[in-house]
Protein chains: 4
Amino acid sequence: MGAVKTKRMPRAVREQQMLDAAVEIFGRRGYMAASMDEIAELAGVSKPLVYLYLNSKEDLFTACIRREAKALVEAVRAGVHTDLPADRQLWDGLQAFFAHTGQHPHAWSVLHLQARTHGEPFAAEVAAMRAEIVAFVTQLIAVAAREAHRAPDLPEHEVAGLAEALVGAAESLAAWANTTEGVSARQAAATLMNFAWAGLGNLMGGRPWTAPPEPQPLT
Amino acid sequence: MGAVKTKRMPRAVREQQMLDAAVEIFGRRGYMAASMDEIAELAGVSKPLVYLYLNSKEDLFTACIRREAKALVEAVRAGVHTDLPADRQLWDGLQAFFAHTGQHPHAWSVLHLQARTHGEPFAAEVAAMRAEIVAFVTQLIAVAAREAHRAPDLPEHEVAGLAEALVGAAESLAAWANTTEGVSARQAAATLMNFAWAGLGNLMGGRPWTAPPEPQPLT
Amino acid sequence: MGAVKTKRMPRAVREQQMLDAAVEIFGRRGYMAASMDEIAELAGVSKPLVYLYLNSKEDLFTACIRREAKALVEAVRAGVHTDLPADRQLWDGLQAFFAHTGQHPHAWSVLHLQARTHGEPFAAEVAAMRAEIVAFVTQLIAVAAREAHRAPDLPEHEVAGLAEALVGAAESLAAWANTTEGVSARQAAATLMNFAWAGLGNLMGGRPWTAPPEPQPLT
Amino acid sequence: MGAVKTKRMPRAVREQQMLDAAVEIFGRRGYMAASMDEIAELAGVSKPLVYLYLNSKEDLFTACIRREAKALVEAVRAGVHTDLPADRQLWDGLQAFFAHTGQHPHAWSVLHLQARTHGEPFAAEVAAMRAEIVAFVTQLIAVAAREAHRAPDLPEHEVAGLAEALVGAAESLAAWANTTEGVSARQAAATLMNFAWAGLGNLMGGRPWTAPPEPQPLT
DNA sequence: TATGAATGAGGGTTCATTCAT
DNA sequence: AATGAATGAACCCTCATTCAT
């Protein structure tokens, strides 16, 4: 199952093999439970070579996060055409997102679970990527509102909250789509678009929702 | 900071002290990085006693998950009054959810991050709780639709997807609310209700969203 | 050859056994070449127990240095009676010194070679002991001079240099006495007393030695 | 700080660069802690070249010891003029010794500490050099005694002991002179000459020292 | 003459777990 | 009801050393 044992490869190639193996093992076992021995074996090299090229378990993990974060962002970017309407951009982006995470489950596990579960060096790394995506979505929502000649006065932090919720929902659905039989990337994206665009309110006949008054302490 | 060292306590009490300590350490360090030594010390007992009562690290972790899952579900249940309208039930449930997770961050970390990050014995445990909540939300959505005399033909798996998305968004927002300064449980709940009920569509002037046609392979 | 494997001993006893083993191995192999495995085996315990009681290789080494430094100083102190004349005190001290180092060659190796060969944590430890001994000798020389109603104006730093030279010579002779067949502690002490007291000058018929004039740079 | 990276140099030159680097690293880190990697890097060559020229870490260390031992002996020899009186020869030799060790602290560390701290291959190497110096001093003492028409019957092993003590004191003072601020080679040599020639006895008004009778076991 | 690529072996350290009291 | 004493197994990391060019 591991890489075929080929000897004497240039450093750049070997490094990618090591990262491939590391992403798989980190994704499967988790950061702490992953052993450098297993990673080296899967990469088809000896352990010292892994250390020679990637310094330490922490550095190796960081390198994995960086590579996979970059790959995910690029996959989403490649799926989006900025000259299309905002809703279409969101739809395309979501599809690309679900497709990529579905095709690289270990990488998604590394980004979504492992990196956030362990301390600051790693969480920051993935937080940067997430911020980038949230910013992208925030801007899409703003553009969409403008296109619809609506909500010129939508408060900014409200939009941020909505974007956060959308991205959060997408992240959760990624796990759902990857685990549940018969749910494709397209279906996951459609569900989320329906949820986000039409809202549940549509089901209720347009009756808008308003928060009940905050309970006051008895005087 | 740990439990006061009192000798000769009944077993049930000691067990709760141990679980308290374990939840805190598991939540802070993660499952693998948590050491039985640290847990025993924080609980104010010797290590063999932990093993005598809770058998193994795995069993201890499982016990933590079970206790905290039950507590979370009960907290949400206690916040909801089933004789109120569906939207009010959802609103109350969300508030209870965000309040409880905010007040028990270690417990939420155990349920949301640690349990899912490590293999099958634990993921299943928390999946059961999640299924319970998703079912509750699914039924709420159905009730709401019926109350509004709408969507009599809404396909079931569509509703399930929406519920999944809603719960996922809530889980993501929990982290957001707990980390972001100045975001209270009430605000997080409001943001999510707006998102779910009004949808983004409202911003767009009611223009409904429809998926573009699936690309067909060339004949 | 190692300690008899007796189970379940109180901590204090086990610690001494470990220090015994550690001193022997450190003395034989040197600090870096000594392996914790070998030390544990010689002590008749498992490695984790060594770490449980003594924390780390560095701490173990420090503990060895402290114990042996204290033992050596006490051995010398026990040999000296402060109510005897100064020369007799020096003679007795030297004998005790050579006897102790001869009987504990590994300990002497740890103090004289290993501790000084490795960085600051350790060198400082043994420097303190050495300073104590040098101070003792310095004072002895001063007392001897006073007893002889001589050298009331002997400059202090001169005395310090002499004491340093005497202690250095003693340390070197310790190795010589321990390695050379047929040289006892008594003989080593006698040689050094002759050297220090009578000086080589006696051999020369009392002709005192004076430094030639320092060469001046050409004007 | 390392050698400038120049390609294609004759073997003899490269070897000296490697030995320079090795002496510095061995002196700074100690034999075991020194890594071939660091030595090669400081020498400005690749590791295989070090092995090609010097075979192994042991051989490299031996080569260092040999080169530096030779250099030290030659430095002392160059400082001594055999046609001068014995005390002047000793004085000049000591000055040369302290000057050389002060100027080459890493080399002195290799000879005095590292070589003796590690097993037989190396200790023998430096013991040979030391024996040469002790023999030189022994002969100087004998000559001085003859010049003074004294001590025709001085037992040989007594002289050897005195020489040993003198050399040992010199070695110890070398460390003292190199570490203590404001102690020059000249001062160190003067202190030692005073100690050796005049002796402490001079301070005592010529009162000779005699060993107290050896304690007899009770009959 | 010179080096990039690669590894077997071993060392320090920690952990979950048990025994005997 | 509770603990001090003890360990097998594994993990991260480093090093001296070689191969193929």
Side-chain angles (χ1 to χ4, degrees), chain A residues 5-11 13-15 32-40 44-60, chain B residues 5-11 13-14 32-40 44-53 55-60, chain C residues 5-11 13-15 32-40 44-60, chain D residues 5-11 13-14 32-40 44-53 55-60:
Chain A
K5 203 155 194 171
T6 316
K7 298 247 161 170
R8 302 267 146 188
M9 328 220 349
R11 172 166 181 158
V13 177
R14 272 279 191 257
E15 274 190 12
M32 298 257 25
S35 95
M36 295 298 272
D37 272 287
E38 197 179 359
I39 291 173
V45 296
S46 71
K47 225 186 336 175
L49 200 58
V50 179
Y51 278 90
L52 188 60
Y53 286 175
L54 288 141
N55 293 324
S56 71
K57 197 183 185 184
E58 286 205 2
D59 283 6
L60 173 58
Chain B
K5 204 156 194 169
T6 317
K7 301 247 161 173
R8 303 268 147 188
M9 326 215 356
R11 169 160 182 163
V13 179
R14 272 278 192 256
M32 296 262 18
S35 90
M36 297 297 275
D37 271 285
E38 196 178 1
I39 291 172
V45 296
S46 73
K47 237 184 327 176
L49 199 59
V50 179
Y51 279 88
L52 186 62
Y53 285 176
N55 295 322
S56 72
K57 195 184 186 183
E58 288 205 359
D59 284 6
L60 173 57
Chain C
K5 202 154 195 172
T6 316
K7 299 247 160 170
R8 303 268 146 188
M9 328 220 349
R11 172 166 179 159
V13 177
R14 272 278 190 259
E15 274 190 14
M32 297 257 25
S35 95
M36 295 298 273
D37 272 289
E38 196 178 0
I39 291 172
V45 295
S46 70
K47 228 184 338 175
L49 200 58
V50 179
Y51 278 89
L52 187 62
Y53 286 174
L54 288 140
N55 295 324
S56 71
K57 197 184 185 184
E58 286 205 2
D59 283 6
L60 173 57
Chain D
K5 206 156 192 170
T6 316
K7 301 245 160 173
R8 305 266 148 189
M9 326 214 355
R11 170 160 183 163
V13 177
R14 272 277 192 257
M32 297 261 21
S35 90
M36 296 297 274
D37 270 284
E38 198 178 359
I39 291 172
V45 295
S46 72
K47 234 183 332 176
L49 199 60
V50 179
Y51 278 88
L52 186 61
Y53 284 177
N55 296 321
S56 73
K57 196 185 187 183
E58 288 206 359
D59 284 6
L60 173 57

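Naming convention: chains lettered A, B, ... in sequence-line order (proteins, then strands); numbering from 1 in each chain. Hydrogens, waters and symmetry mates are skipped; everything else that's a heavy atom, side chains included, is used. For clarity, every value in this text was computed on a predicted model and none was experimentally measured.
R14(D) has a side-chain polar atom (N or O) that falls below the 4.0 Å cut-off from OP1 or OP2 of dA2(E).
When rounded to the nearest whole Å, the span between CG of L49(D) and P of dG4(E) equals 11 Å. A straight line from CD1 of I39(D) to C1' of dT14(F) spans 15 Å, rounded to a whole angstrom. What separates CG of D59(C) from P of dG12(E) is a distance of 14 Å, to the nearest Å. Regarding E15(C), its CD atom lies at a distance of 13 Å from the C1' atom of dA5(F), rounded to whole Å.
S46(C) approaches A40(C) most closely through the heavy-atom pair C-CB, 4.0 Å.
R11(B) comes within 4.0 angstrom of nothing in the nucleic acid, heavy atoms only.
When distances run from any side-chain atom of V45(D) to the nucleotides dA1(F), dA6(F), dT3(E), the shortest one goes to dT3(E).
Residues P10(A) and L52(D) each lie close to DNA chain E; by heavy-atom proximity, the contact nearer the 5' end of the strand is made by L52(D).
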Check: residues 48-59 of chain C side-chain donor-acceptor pairs under 3.5 Å, at least two apart:
{"residue": "S56(C)", "atom": "OG", "partner": "E58(C)", "partner atom": "N", "Å": "3.4"}
{"residue": "S56(C)", "atom": "OG", "partner": "D59(C)", "partner atom": "N", "Å": "3.1"}
{"residue": "K57(C)", "atom": "NZ", "partner": "Y31(C)", "partner atom": "O", "Å": "3.0"}
{"residue": "K57(C)", "atom": "NZ", "partner": "M32(C)", "partner atom": "O", "Å": "3.3"}
{"residue": "K57(C)", "atom": "NZ", "partner": "A34(C)", "partner atom": "O", "Å": "2.9"}

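Between atom CE of residue M36(C) and atom NZ of residue K47(C) there is a gap of 8.5 Å, rounded to the nearest 0.5 Å.
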### Which nucleotides of DNA chain F pair, in dot-bracket form (Watson-Crick or G-U under 3.5 Å, | meaning another strand)
.||||||||||||||||||||
#### Entry: Per-nucleotide protein contact string for nucleotides 15-21 of chain E (B base, S sugar-phosphate only, - none; heavy atom under 4.0 Å)
BSBBBS-
